[in-house]
Amino acid sequence: MRDYLLYLKQGKMSIQAYVTPCFEVDLMYWRDREGCQLHIMGKSPSLALVFSLREMINTHLQGLSGTGKSITDKALANLKQMINGYVCDVSHLYRRAATGKDATGKEWFEWEESDHPSQEYGNSVDETGACTGNLSSVIYAQALAGRSLLWEEVGTLLQKRGLADQDCSAVLQQMVLAGKAEWQPGIRLSMKKGWWRNRLELKCERCGSGSGDLELTVCHSCGQGCAYCTVCLGMGRSKCCTPYVLVPAPSVVSAVNKREQVRDVARLQWTGSYSKDQARAAEQARRFVASPRLGLDEFLIWAVCVAKHEYIILV
């Protein structure tokens, strides 16, 4: 099971937290683009925990971004102390939710601090490495375009396309940094503070199910506190330690004076009503069918269905 590393990037006018499964990719990416300083905060096999820490840190650092001020050693020490306190609180809340009572002993969420020194990088470019990475990113983007997949599904698809000879996490992370892909934990975790007591909130990123539909468990993959969604389990196990990868479809190319490429749109009459999410999916399907497009012949609506019959619509 891989660890997910949390680090801070201090640029000339901004400071922000990032998550990566392969820090070497991030090193090369930032080195090739701008002078910056990177501060490694720590790592964990729970992607949900690291993402939750990233959001907390970015909220905390909002006042520094845009000021040009560098983060001090004292501020870094305070951040690490804040992280340790947050992990301890989340672990306590998870343990209470999982067992129904407070307990002591080993933390459910392990957090490994890093003593790695801060690193500063200038504007030097390794053109060979950059070109190779860019080529792989293009190939992967084409293979994964328009899909939202769990990590295991990404591997299966790439294997079918003959692209699984290398570690795909490096190429995917490069796509994420370049804004060509996004990845999230299958189950998102957050801690909500209240006047009486704090509470742990979990949400499945794939189907949107909340804590009541999620099963808390000690995961055989990450070896610590985890959760999986029971609602969309038939589509694969969405977990705290499993990345959920989203790659947007390429923009539809406008075809001016090429009306012959537009298919006749058959109208489907229906008297029912959509939910909010169904209406959004239906509108995207309608726009796809009605718009001129080049090289895009398929539109797949893939969704969890709890009705008597299940449909996968392929236009």
Side-chain angles (χ1 to χ4, degrees), residues 1-4 19 21 44-52 55 90-91 93-100 108-110 143-144 146-161 164 168-169 172 181-192 199-248 274-282 284-285 299-314:
M1 188 67 188
R2 72 173 66 250
D3 286 324
Y4 300 97
V19 174
S44 172
S46 174
L47 185 58
L49 176 63
V50 181
F51 261 71
S52 185
E55 293 176 1
V90 168
S91 181
L93 292 173
Y94 178 91
R95 188 167 55 236
R96 186 175 65 194
T99 64
W108 281 101
F109 292 97
E110 296 295 329
L144 299 172
R147 290 176 167 84
S148 301
L149 303 171
L150 294 177
W151 188 252
E152 293 81 2
E153 296 170 323
V154 171
T156 301
L157 177 61
L158 293 178
Q159 188 174 14
K160 290 181 179 180
R161 299 291 178 90
C168 62
S169 60
L172 285 173
E182 179 183 355
W183 66 338
Q184 306 168 352
I187 302 297
R188 187 173 291 271
L189 175 153
S190 61
M191 182 177 67
K192 300 299 181 182
R199 70 180 189 276
L200 190 66
E201 290 190 352
L202 299 168
K203 178 183 177 183
C204 177
E205 286 296 325
R206 181 169 60 183
C207 72
S209 297
S211 299
D213 296 312
L214 306 180
E215 185 71 24
L216 304 183
T217 182
V218 177
C219 180
H220 71 279
S221 298
C222 63
Q224 60 177 11
C226 199
Y228 66 89
C229 181
T230 60
V231 175
C232 60
L233 186 59
M235 297 172 63
R237 194 173 290 252
S238 178
K239 301 190 297 182
C240 289
C241 60
T242 299
Y244 182 48
V245 181
L246 299 91
V247 181
Y274 289 127
S275 67
K276 182 178 179 180
D277 290 335
Q278 288 171 339
R280 187 184 302 116
Q284 291 176 351
F299 181 95
L300 178 65
I301 298 179
W302 183 22
V304 179
C305 181
V306 295
K308 184 176 180 180
H309 302 289
E310 297 183 6
Y311 299 93
I312 295 180
I313 304 173
L314 185 63

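Computation of the quantities below employed the complete heavy-atom set of this structure, encompassing side-chain atoms and omitting hydrogens, waters and symmetry-equivalent molecules. Everything numeric here is computed off the predicted structure, so don't read it as measured data. Sequence positions, counted from 1, serve as the residue numbers for this chain.
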Open item on the list: So does Glu182 get a backbone contact from the side chain of Tyr244, meaning a donor-acceptor N/O pair under 3.5 Å?
Closed with: no

Open item on the list: If I compare all heavy atoms of Pro185 with all of Arg188, which pair ends up nearest, and what's the gap?
Closed with: CG-CA, 4.1 Å

Open item on the list: Given 3.5 Å as the limit, does a donor-acceptor pair link the side chain of Thr230 with the main chain of Asp213, or not?
Closed with: yes

TODO: Check Glu55, Glu201, Arg199 against Ser190 for a side chain to side chain contact (heavy atoms under 4.5 Å, CB included) and give me the one that passes.
DONE: Glu201

- [ ] Please report the closest heavy-atom contact between Cys226 and Tyr94, naming both atoms and the distance.
- [x] O-OH, 2.7 Å

Open item on the list: With rounding to the nearest 0.5 angstrom, report the SG to CD distance, Cys168 to Gln159.
Closed with: 11.0 Å

- [ ] Check whether any side-chain heavy atom of Cys240 sits under 4.5 Å from a side-chain heavy atom of Ser46, and report yes or no.
- [x] yes

- [ ] Please report the closest heavy-atom contact between Ile187 and Ala227, naming both atoms and the distance.
- [x] CG1-O, 3.6 Å

Task: Inter-residue atom distance Asp3.CG - Ser44.OG, 0.5 Å rounding - done: 7.0 Å

- [ ] Starting at CG of Leu200, measure out to CG of Leu216 and round the result to the nearest 0.5 Å.
- [x] 7.5 Å

Open item on the list: To check you understand the geometry: which heavy-atom pair defines the closest contact between Pro243 and Leu47, and what is its length?
Closed with: CA-CD2, 3.7 Å

Open item on the list: Within this structure, what is the OG1-CZ distance for the pair Thr242 and Arg237, rounded to the nearest 0.5 Å?
Closed with: 9.5 Å

Open item on the list: Keeping Ser238 on the side-chain end and Gly186 on the backbone end, is there a donor-acceptor pair under 3.5 Å?
Closed with: yes

TODO: Measure the acute angle between the ring planes of Tyr4 and Trp183, then classify it against the limits of 30° and 60° as parallel, tilted or perpendicular.
DONE: perpendicular

Open item on the list: If I take atom OG from residue Ser221 and atom CH2 from residue Trp151, how far apart are they, to the nearest 0.5 angstrom?
Closed with: 13.5 Å

Task: Under 3.5 Å: donor-acceptor pair, side chain of Arg2, backbone of Ser169 - done: no

Task: Pair Cys232-Cys204, side-chain contact (heavy atoms from CB on, under 4.5 Å): steps then yes or no - done: CA-CA 9 Å; Cys232 60; Cys204 177; 3.8 Å; yes

- [ ] Please answer whether the main-chain N or O of Cys229 pairs with a side-chain N or O of Arg206 as donor and acceptor at a distance below 3.5 Å.
- [x] no

Task: Audit row: Val247, Leu149, side-chain contact (heavy atoms from CB on, under 4.5 Å) steps and yes/no - done: CA-CA 9 Å; Val247 181; Leu149 303 171; over 6 Å; no

Task: Euclidean distance, Glu205 CD relative to Lys203 NZ, rounded to 0.5 Å - done: 6.0 Å

Open item on the list: In the structure I gave you, are the side-chain heavy atoms of Met191 and Ser52 within less than 4.5 Å of one another anywhere?
Closed with: no

